[in-house]
Amino acid sequence: MRAATLARKSHKWLTLLIAIQAVLWAVSGLYMVSVPIEIIHGDHFVHGHHEPVPPLDQVRYEVDDIRQRYGEIHGLRVKSLADRPAYVVETSRGTVLVDAVEGTELSPLGEETIRDLARRNYVGEGRITSVTLLQTLPLEVQARKPPLWQVQFEGWNNHTLYFSPTTGDMVARRHQLWRLFDFVWMFHIMDYESRTDVNNTLLRVATIAGVLATGTGLWLLFYSFRRARRARDARA
């Protein structure tokens with residue numbers, strides 16, 4: 001088989017093999033570079049400041065009391081919970097939230113507290129439409145550990161905040177543009193299950209096929225130029 005014919009056939013079949021995925025790469029890539037990553041992250045509908053420093057002068061419950069109560073402590077931090085200081089205590093039995101003023105155990109947090117935290121974090125004007133304690137997490141927060149409080153707000157973008165019932169920390173924020181990003185990301189990296197593995201076998205095979213298709217295209221281009229030069233010389 002002549003080299004030019006081999007180049008043409010190789011390029012044709014490799015291009016047919018990779019064509020649909022190449023279109024998906026282009027379309028998904030266009031979306032991902034068109035929408036600013038800050039919007040995808042949801043920075044526009046929550047307060048951008050870091051968690052406020054709690055009023056430490058209000059702390060009445062001593063760390064020694066925490067140690068006496070829970071024994072060995074693996075981690076301890078003070079956070080602000082609705083303008084009130086609280087301890088996040090990591091013990092061998094798990095993490096607990098303790099009021100730093102009165103010493104009462106606050107976790108797991110109830111719905112009213114989560115509603116209050118959601119309102120404090122949300123900068124939009126839409127009202128809360130649902131607050132649900134999830135034991136089984138949806139795909140959009142599958143990497144998190146259940147349970148989580150899910151708070152949804154009204155509006156076309158379906159702003160959704162997720163809170164830990166143990167610490168009250170906001171652990172994720174989602175919206176429709178994020179969900180679309182996640183959907184096209186799935187096609188871009190060709191991980192149709194977890195959408196997180198950027199080194200999966202399917203992607204590697206498609207990428208290699210794409211590189212080979214490009215290489216055979218360049219090879220074919222060489223013969224196209226040579227044929228054009230011969231035609232020009234014949235006319236001269």
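These figures come from a predicted structure and were not determined experimentally.
- For the pair Val88/Asp169, no side-chain contact is recorded, criterion being any heavy-atom separation below 4.5 Å from C-beta on.
- One hydrophobic cluster, built from ILVMFWY side chains closer than 4.5 Å, cannot hold both Val211 and Leu218; they sit in different ones.
- Partners of Met186 according to the side chain to side chain contact (heavy atoms under 4.5 Å, CB included) rule, which considers only residues two or more places apart in sequence or in another chain, are Phe183, Tyr192, Arg195.
- Counting only heavy atoms from C-beta outward, the side chains of His159 and Arg173 never approach each other to under 4.5 Å.
- The shortest distance between side-chain heavy atoms of Val101 and Val59 does not fall below 4.5 Å.
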Compile the donor-acceptor pairs under 3.5 Å between side chains in residues 89-96 and protein atoms, sequence neighbours left out, one pair per line.
from: Thr91; atom 1: OG1; to: Arg93; atom 2: N; distance (Å): 3.1
from: Thr91; atom 1: OG1; to: Gly94; atom 2: N; distance (Å): 3.3
from: Thr91; atom 1: OG1; to: Gly94; atom 2: O; distance (Å): 2.8

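- Residues satisfying the side chain to side chain contact (heavy atoms under 4.5 Å, CB included) test with Asp64, not counting sequence neighbours, are Arg67.
- Between the Asp191 side chain and the Asp197 main chain, a donor and an acceptor come within less than 3.5 Å of each other.
- More than 12 heavy atoms of other residues, nucleotides or ligands shown are found within 6.0 angstrom of CH2 on Trp219.
- Residue pairs meeting the salt bridge (charged side-chain N to carboxylate O under 4.0 Å, His left out) criterion with at least one partner in residues 27-41, sequence neighbours excluded, are absent.
- The distance from the CZ atom of Phe163 to the CE atom of Met170 is 6.0 Å, given to the nearest 0.5 Å.
- Atoms CG and CD, from Asn200 and Glu193 in turn, are 9.5 Å apart once rounded to the nearest 0.5 Å.
- With contacts defined as side-chain heavy-atom distances shorter than 4.5 Å, the pair Gln152/Val131 does not qualify.
- Applying the side-chain hydrogen bond (donor to acceptor under 3.5 Å, both in side chains) test to pairs two or more places apart or on separate chains, those with a residue in residues 202-218 are His11-Thr216, Asn199-Arg204, Thr201-Arg204.
- Within the 4.5 Å cutoff, no side-chain heavy atoms of Asp182 are placed close to those of Glu140.
- No side-chain heavy atom of Phe153 sits under 4.5 Å from any side-chain heavy atom of Thr160.
- Remark: aromatic rings of His41 and His175 are distant, center separation not under 6.0 Å.
- Pairs of residues two or more places apart, or lying in two chains, that qualify as salt bridge (charged side-chain N to carboxylate O under 4.0 Å, His left out) and include a residue from residues 142-155 are Arg127-Glu154.
- Of the inter-residue distances, the one linking Met32 atom CE with Leu180 atom CG reads 10.5 Å to the nearest 0.5 angstrom.
- Residues meeting the side chain to side chain contact (heavy atoms under 4.5 Å, CB included) test with Thr104, sequence neighbours left out: Asp99, Glu102, Leu106.
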Please report, to 0.1 Å, the donor-acceptor pairs under 3.5 Å made by any side chain of residues 16-31, with sequence neighbours excluded.
from: Gln21; atom 1: NE2; to: Phe187; atom 2: O; distance (Å): 3.0
from: Trp25; atom 1: NE1; to: His188; atom 2: O; distance (Å): 2.9
from: Ser28; atom 1: OG; to: Leu24; atom 2: O; distance (Å): 2.6
from: Ser28; atom 1: OG; to: Trp25; atom 2: O; distance (Å): 3.2
from: Ser28; atom 1: OG; to: His188; atom 2: ND1; distance (Å): 2.6
from: Tyr31; atom 1: OH; to: Leu177; atom 2: O; distance (Å): 3.0

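- Leu6 and Phe222 end up in the same hydrophobic cluster when Ile, Leu, Val, Met, Phe, Trp and Tyr side chains are linked at under 4.5 Å.
- Ile40 and Trp156 fall within the same hydrophobic cluster, defined by Ile, Leu, Val, Met, Phe, Trp and Tyr side-chain heavy atoms under 4.5 Å apart, directly or through other members.
- Looking at Phe45 and Asn157, their side chains never come closer than 4.5 Å, going by heavy atoms from C-beta outward.
- Interatomic distance, CG of Leu109 versus CH2 of Trp149, reported as 9.0 Å (0.5 Å rounding).
- With rounding to the nearest 0.5 Å, the separation of CD1 in Ile189 from OG in Ser194 is 6.5 Å.
- When the side chain to side chain contact (heavy atoms under 4.5 Å, CB included) test is applied to Asp116, the partners found at least two apart in sequence or on another chain are Ala82, Arg120.
- Considering all non-hydrogen atoms of both residues, Pro165 and Ser107 come closest at O-CB, 4.0 Å.
- Side-chain polar atoms of Glu105 and Tyr87 form no donor-acceptor pair below 3.5 angstrom.
- For the pair Lys79 (side chain) and Arg84 (backbone), a donor-acceptor distance under 3.5 Å is absent.
- Connection of Val63 to Val98 is established within a shared hydrophobic cluster, with ILVMFWY side chains joined at heavy-atom distances below 4.5 Å, either directly or through further cluster members.
- The other residues sharing a hydrophobic cluster with Leu134 are Leu137, Val141, Leu148, Tyr162, Val171, where clustering joins ILVMFWY side chains under 4.5 Å apart.
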Output, in order, the C-alpha distance, side-chain angles, deciding distance and verdict of side-chain contact (heavy atoms from CB on, under 4.5 Å) for Val46 and Val123. CA-CA 5 Å; Val46 295; Val123 300; 5.6 Å; no
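- By the criterion of side-chain heavy atoms lying less than 4.5 angstrom apart, applied directly or through intervening Ile, Leu, Val, Met, Phe, Trp or Tyr residues, Trp178 is grouped together with Ile37 in one hydrophobic cluster.
- One distance of note links CD1 of Ile114 with OG1 of Thr132; it measures 12.0 Å at 0.5 Å rounding.
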Run the side-chain contact (heavy atoms from CB on, under 4.5 Å) test on Arg77 and Thr167 for me, step by step, so that the C-alpha distance in whole Å, both residues' side-chain angles and the decisive distance to 0.1 Å come before the verdict. CA-CA 11 Å; Arg77 65 183 169 97; Thr167 65; 4.3 Å; yes
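- The side chain to side chain donor-acceptor pair (under 3.5 Å) search around Gln142 returns none, not counting sequence neighbours.
- Remark: the backbone N or O of Tyr61 is not paired with any side-chain donor or acceptor of Asp65 at under 3.5 angstrom.
- Under a 4.5 Å side-chain heavy-atom criterion applied to ILVMFWY residues, the cluster that includes Ile208 comprises Leu14, Leu212 as well.
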